[in-house]
A.B. asks: 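Shown below is the structure under consideration.
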2 protein chains.
Amino acid sequence: MISKKTKYALKALGYLAEHSTGDPILISELAKEENIPRKFLEAILVALRKGGVLKSKIGKGGGYMLALPASAITIGKVVGILEGGFALVECLNDNVKVVCEECGDPACCGIRLVMSDVKKSIDSVLESTTLADMVERSESARRKKSKIVDFSI
Amino acid sequence: MISKKTKYALKALGYLAEHSTGDPILISELAKEENIPRKFLEAILVALRKGGVLKSKIGKGGGYMLALPASAITIGKVVGILEGGFALVECLNDNVKVVCEECGDPACCGIRLVMSDVKKSIDSVLESTTLADMVERSESARRKKSKIVDFSI
DNA sequence: TCTATCTCTATAGAATAGATAGATATTAAT
DNA sequence: ATTAATATCTATCTATTCTATAGAGATAGA
């Protein structure tokens, strides 16, 4: 299950991708429009900035902007920033060199071998899907829906 | 990240698959051999029994057995029992008919659309991998390793 | 009946997630 | 320079979930 943090992050990024005009967008606007607790969102945005996905401008007229085109931001990147990757088991995390206490030899651990497959499969989807894709799919679903509604009238 | 509960479950099931001789195996043996807290394991085994993966025998000479051949128990089934599926977002859970409070229309939610792809991808791995596969891969890795050791002597 | 089992209910402690408050630093406009 | 509008930082609090444990109860075999 992805955390609310990640969900909020994706919602905020989606809003930025859809509404970016070059000018920074306020935290308060993001919080209000996407219905995210303001202070909680702040922490999320800082993480995304540190992760290189957002850039910010302090002071009057400041706010947040995407640091890259939406088509260059993968969902995997975002999830990675907020959840530290989708490792499933700690021993599959890139940066972590721990061995599970119960596991004699990671190379021979059946659970690890299976979860490694799962992780590859997850990553292949998350790395190949961008923020732009996500927004486009959402808009396309909305268009499709409103078309159906039109017909039914 | 899969929970310790799920990890323990897979370890216990792996042990049962490797050591089953037709006779029931004791909780205490599973707990000791796989280094799992006894009482915690009890709860896990009950869940697996209720999920149809294990059967038990009460009383003297009792214990646990696989309810099905290891090749008929998918890892997805086990994960499903202990984590209630790998939904990623609640609204993708089969049995749950809730709409995320923040999400106006699930059909048009970009996050949901993307996570639905991820879920499909996870499920395809978990449903096609069985307990027998897991055990076999682990044993195969061990064989391979001991062969390498033999050569180096 | 006695003993070895699993089973059930309750609970406690630790870790994590989710949310909030308030003081601080920075910038633009006046 | 002053002021107002911003993001930033540090600290904290609460609720929830995860992990683990205790003990009494039910069942079956010898």
Side-chain angles (χ1 to χ4, degrees), chain A residues 1-12 16 23-32 34-51 53-67 79 81-85 87-90 98 100-102, chain B residues 1-12 16 23-32 34-51 53-67 79 81-85 87-90 93 100-102:
Chain A
M1 192 81 85
I2 64 174
S3 62
K4 262 189 172 177
K5 213 155 140 181
T6 301
K7 235 195 259 183
Y8 288 156
L10 290 172
K11 281 166 66 95
L16 285 168
D23 287 340
I25 292 179
L26 302 186
I27 295 180
S28 52
E29 179 179 346
L30 285 169
K32 189 181 169 199
E34 295 295 334
N35 199 28
I36 303 170
R38 159 74 192 252
K39 281 291 185 179
F40 196 30
L41 179 58
E42 283 183 17
I44 293 166
L45 296 176
V46 167
L48 291 171
R49 176 172 57 74
K50 288 184 178 162
V53 165
L54 290 180
K55 56 187 177 186
S56 64
K57 208 181 154 194
I58 305 186
K60 201 167 182 177
Y64 274 97
M65 295 149 284
L66 296 182
V79 172
I81 290 169
L82 291 154
E83 319 237 342
L88 303 176
V89 283
E90 308 109 15
V98 292
C100 346
E101 68 268 7
E102 318 94 11
Chain B
M1 193 79 85
I2 63 173
S3 62
K4 262 188 169 176
K5 212 156 141 179
T6 301
K7 237 196 257 182
Y8 288 156
L10 290 172
K11 283 165 65 93
L16 285 169
D23 287 339
I25 291 180
L26 302 185
I27 296 180
S28 52
E29 177 179 346
L30 284 169
K32 189 180 170 200
E34 294 294 334
N35 200 27
I36 302 169
R38 158 76 191 250
K39 280 294 187 178
F40 196 31
L41 180 57
E42 282 183 17
I44 294 166
L45 296 177
V46 166
L48 291 171
R49 176 171 56 75
K50 288 183 178 162
V53 164
L54 290 181
K55 57 187 176 186
S56 64
K57 207 183 155 193
I58 306 186
K60 203 167 179 177
Y64 273 98
M65 295 150 284
L66 296 182
V79 172
I81 291 169
L82 290 154
E83 319 237 341
L88 301 175
V89 285
E90 307 109 13
N93 244 328
C100 346
E101 68 269 5
E102 318 95 10

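Residue numbers start from 1 in every chain, and the chains themselves are labelled A, B, ... in the order their sequence lines are given, proteins ahead of strands.
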A.B. asks: Provide the Watson-Crick or G-U wobble partner of C:dT16, both distances under 3.5 Å; none if there is no partner.
C.D. replies: D:dA15
A.B. asks: Is any side-chain heavy atom of A:Leu30 closer than 4.5 Å to one of A:Leu45?
C.D. replies: yes
A.B. asks: Quick one: on DNA chain C, does A:Thr6 or B:Ile25 contact a more 5' nucleotide (nearest heavy atom)?
C.D. replies: B:Ile25
A.B. asks: Checking contacts here: which listed nucleotide (C:dC8, C:dA23, C:dA29) is nearest the side-chain heavy atoms of B:Lys39?
C.D. replies: C:dC8
A.B. asks: Given atom CG of B:Leu45 and atom P of C:dC6, what is their separation to the nearest angstrom?
C.D. replies: 9 Å
A.B. asks: Given A:Tyr64, which of A:Leu48, A:Leu26, A:Leu41, A:Ile27 fulfils the side chain to side chain contact (heavy atoms under 4.5 Å, CB included) condition?
C.D. replies: A:Ile27
A.B. asks: What contact category does B:Leu26 fall into here, base, sugar-phosphate, or nothing, at under 4.0 angstrom with non-hydrogen atoms?
C.D. replies: sugar-phosphate
A.B. asks: Under 4.0 Å between a Lys/Arg side-chain N and an Asp/Glu carboxylate O for B:Lys32 and B:Glu29?
C.D. replies: no
A.B. asks: Which heavy atom in B:Gly61 sits nearest to a heavy atom in B:Pro24, and how many Å separate them?
C.D. replies: O-CG, 3.5 Å
A.B. asks: Taking for each residue the nucleotide of DNA chain D bearing the nearest heavy atom, is the 5' side occupied by A:Gly61 or by A:Lys50?
C.D. replies: A:Gly61
A.B. asks: When the distance from NZ of A:Lys60 to C1' of C:dT26 is rounded to whole Å, what number comes out?
C.D. replies: 14 Å
A.B. asks: From CE of A:Met1 over to C1' of C:dG18, roughly how many Å is that when rounded to an integer?
C.D. replies: 15 Å
A.B. asks: For the residue pair A:Pro37 and A:Tyr8, establish whether any side-chain heavy-atom pair is separated by less than 4.5 Å.
C.D. replies: yes
A.B. asks: Are B:Leu10 and B:Lys7 close enough that some pair of their side-chain heavy atoms sits under 4.5 Å apart?
C.D. replies: no
A.B. asks: Please tell me if B:Ser56 has a side-chain N or O lying less than 4.0 Å from either OP1 or OP2 of C:dT5.
C.D. replies: no
A.B. asks: For B:Lys4 and C:dA15, give me the distance from atom NZ to atom P, rounded to whole Å.
C.D. replies: 10 Å
A.B. asks: Check the distance between C:dA19's C1' and A:Glu42's CD and give it to me in whole angstrom.
C.D. replies: 12 Å
A.B. asks: Could you state the CG-P distance from A:Asn35 to C:dA19, rounded to the nearest angstrom?
C.D. replies: 10 Å
A.B. asks: Could you state the NZ-C1' distance from A:Lys7 to C:dG18, rounded to the nearest angstrom?
C.D. replies: 13 Å
A.B. asks: Round to the nearest Å and state the distance from B:Lys5 atom NZ to C:dA15 atom P.
C.D. replies: 18 Å
A.B. asks: On DNA chain D, reading 5' to 3', which nucleotide is the first and which the last to sit with an atom under 4.0 Å from a heavy atom of chain B, could you check?
C.D. replies: D:dT19 to D:dG29
A.B. asks: Any side-chain heavy atom of B:Met65 within less than 4.5 Å of one from B:Leu54?
C.D. replies: no
